[in-house]
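Just follow the structure's listing: the first ligand is 1, and inside any ligand the first atom is 1. The residues of the chain are indexed from 1 along the displayed sequence.
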Amino acid sequence: MDMLPKCDANYVPLSPITFLQRAASVYADRTSVIYGNARYTWKHTYNRCRRLASALRSLNISKNDVVSVLAPNIPAMYEMHFAVPMAGAVLNTINTRLDARSVATILRHSEAKAFFVDHQFIPLARDALKQLVSDSCDSHNAAEEAVSIPLVVAIDDQDVPTGARLGELEYEQLISLGDPRRHAPVEVEDEWDPIALNYTSGTTSAPKGVVYSHRGAFLSTLSLLLQWEVGAGPVYLWTLPMFHCNGWTFTWGVAARGGTNVCIRATKAAEMYRAISDHSVTHMCCAPTVFSMILEAAPNERRPLPNTVHVLTGGAPPPPAVVERIERLGFHVTHAYGLTEATGPALVCEWQDQWDALDSGARARLKARQGVSVVTLADADVVDPETLARVARDGRALGEIVLRGSSIMKGYYKDAEATAKTFRGGWFFTGDVGVVHEDGYIEIKDRSKDVIISGGENISSVEVEAVLYGHPKVVEAAVVAMPHKHWGETPCAFLAVKGEVKEEEIIRHCRKNMAKFMVPKKVVFLEEGLPKTSTGKVQKFQLRVIAKSIARKEEEEEEKRMQREQVVAMSRL
Ligand code: ADP
């Protein structure tokens, strides 16, 4: 066959910003965004985004410039997902739970040209900017790379009185000043151009700037809509932070399906129940910890669910016992696994019809597996990290989970070394340890750094945690390695519980439900709950520090006891 040339009509760069243009015409009068008393339609949202894009261009924000934002799940944050790339720029959503130093590091590393700040985060942003200015003075003196100070734009909230304002410009003011006839949105010329810059939360190492392409974001969005079987017009509740992998791409995805974005400022039980009931929410995403919040809500915070609510969960392993409980409440859970570098979810536990016949416990256990590659990913596997050989499909052989496909990041911004380390032999290495079951479903056993090695045996903290969650009084559980002079490491469990429960009772429950070598040697109860990141991951490094100091204390006590015994023995001689 003759080679037919590509042309402008058939070879158009893939970009998720096209979803908005389409939504404005197909779903023009449908509600796009709900926030408090505010309502927008898709026509409004499109026009507002065009105006904001034009205002950004008039401020000399141009192609590949970074625009940072520090905001919760509010309409402005949603609009910026379209408006910033429509100006040709790159969106950098910053985790609102970071401290000022980390925010300053991100602003500096990304060389942000503009910095949008929601009024709630003015103190944090002000401290970060102060830090940046002082870094800038130091860099002048030390002849380091120059530090640029971004233009600050305040995001006010009509419903909340504004305190001191940060910056000269305001979000709504920019929207009213923007004139798309003077500064038209920029056409995407190359689908490989960057659309977003997302810093990893740094659970295991220093935060790295992950760069997404328009193509990757487009494919990932479509793939998640398909895998989650999102039909037309979903009512989507923003419980997952939009700053987390762009809301696992549903910022763009809700526009693609002409859905309604229900924005809430804080992911709290009362707000979630109220929003679900008031707006008949059909879909939401969250980390498994949010399930505990829903399950433990006070009676006056609860409302009956008006319909089935489809929940896509991931970011941390969902314990089967919790999945079972949340589904009993009327939520339908789909489980996905992913990471910032994979533009959000990369594996999904795709349901098989024959599993319907199983009892609810068995169904929840199958659902807790991380699953198979999403449809637009080229491949996923578990391999020996040294030889790259695939592990046996037996549910037991451990290896590293690897991925390849167009939704994997372009690379780490200004970090060629880290990029090269993570891309090897045609794969992206996730740093997660897993197994492949006979049916081809992948199950994560741990992060490489979280595996507990006791007397030469690998213990999966995820497996121990799943058993702990099976205890009726356990609300949250995390297991980490505790140094041990004989075994090297032993599991140490940290729990948040409801009611009275003793360490012995937990150990008895474990002995009944797992191999002896996996049973935690120590159980620590944390009244204030487990330390978590804003994306719902337990901060295991903090727990490891506690476990280490417990082990040290126990060792010292043991030594003292032995010395005492020696003294007694000597005195008897
Ligand atoms: P960070 O790596 O900085 O914590 P990410 O949000 O990218 O930020 O975290 C990705 C990690 O979260 C994965 O590498 C994996 O360890 C964990 N994770 C994500 N989804 C799941 C899941 N469904 N089950 C178990 N662990 C998960």
Would you say the side chains of Lys540 and Ser461 form a donor-acceptor pair under 3.5 Å?
yes
Would you say Asn261 and Trp238 are linked by a side-chain donor-acceptor pair, where the criterion is simply a distance under 3.5 Å?
yes
Have a look at Lys445, Gln370, Arg447 and point out the one with the heavy atom closest to atom 2 (O) of ligand 1.
Arg447
Which option, Thr200, Thr340, Asp432, owns the non-hydrogen atom nearest atom 13 (C) of ligand 1?
Asp432
Look at ligand 1 and say whether Gly431 reaches it with a heavy atom at a distance under 4.0 Å.
no
So, applying side-chain contact (heavy atoms from CB on, under 4.5 Å) with Ile401, which one of Tyr337, Trp427, Phe428, Phe429 is it?
Tyr337
In sequence, state the C-alpha distance, the side-chain angles, and the governing distance for Trp351 and Tyr441, and then conclude on ring-ring contact (aromatic ring centres under 6.0 Å, His included).
CA-CA 11 Å; Trp351 198 247; Tyr441 278 58; 9.3 Å; no
N or O pair under 3.5 Å between Ile444 and ligand 1:
no
Is there any N or O on Thr430 that sits under 3.5 Å from an N or O of ligand 1?
no
Please report, to 0.1 Å, the donor-acceptor pairs under 3.5 Å made by any side chain of residues 221-229, with sequence neighbours excluded.
residue	atom	partner	partner atom	Å
Thr221	OG1	Ala217	O	2.5
Ser223	OG	Thr376	OG1	3.3
Gln227	OE1	Val375	N	2.9
Gln227	NE2	Glu350	OE1	2.9

Interfacing atoms of ligand 1 (cut-off 4.0 Å, heavy-atom, His335):
22 (C), 23 (N), 24 (N)
For ligand 1, which atoms sit closer than 4.0 Å to a heavy atom of Lys537?
4 (O), 5 (P), 6 (O), 8 (O), 9 (O), 10 (C), 11 (C), 12 (O)
Mode of Ala336 contact toward ligand 1 - side chain, backbone, both, neither (heavy atoms, under 4.0 Å)
backbone
Between His109 and Tyr199, does a ring-ring contact (aromatic ring centres under 6.0 Å, His included) hold up when you go through it step by step?
CA-CA 10 Å; His109 186 265; Tyr199 283 80; 5.7 Å; yes
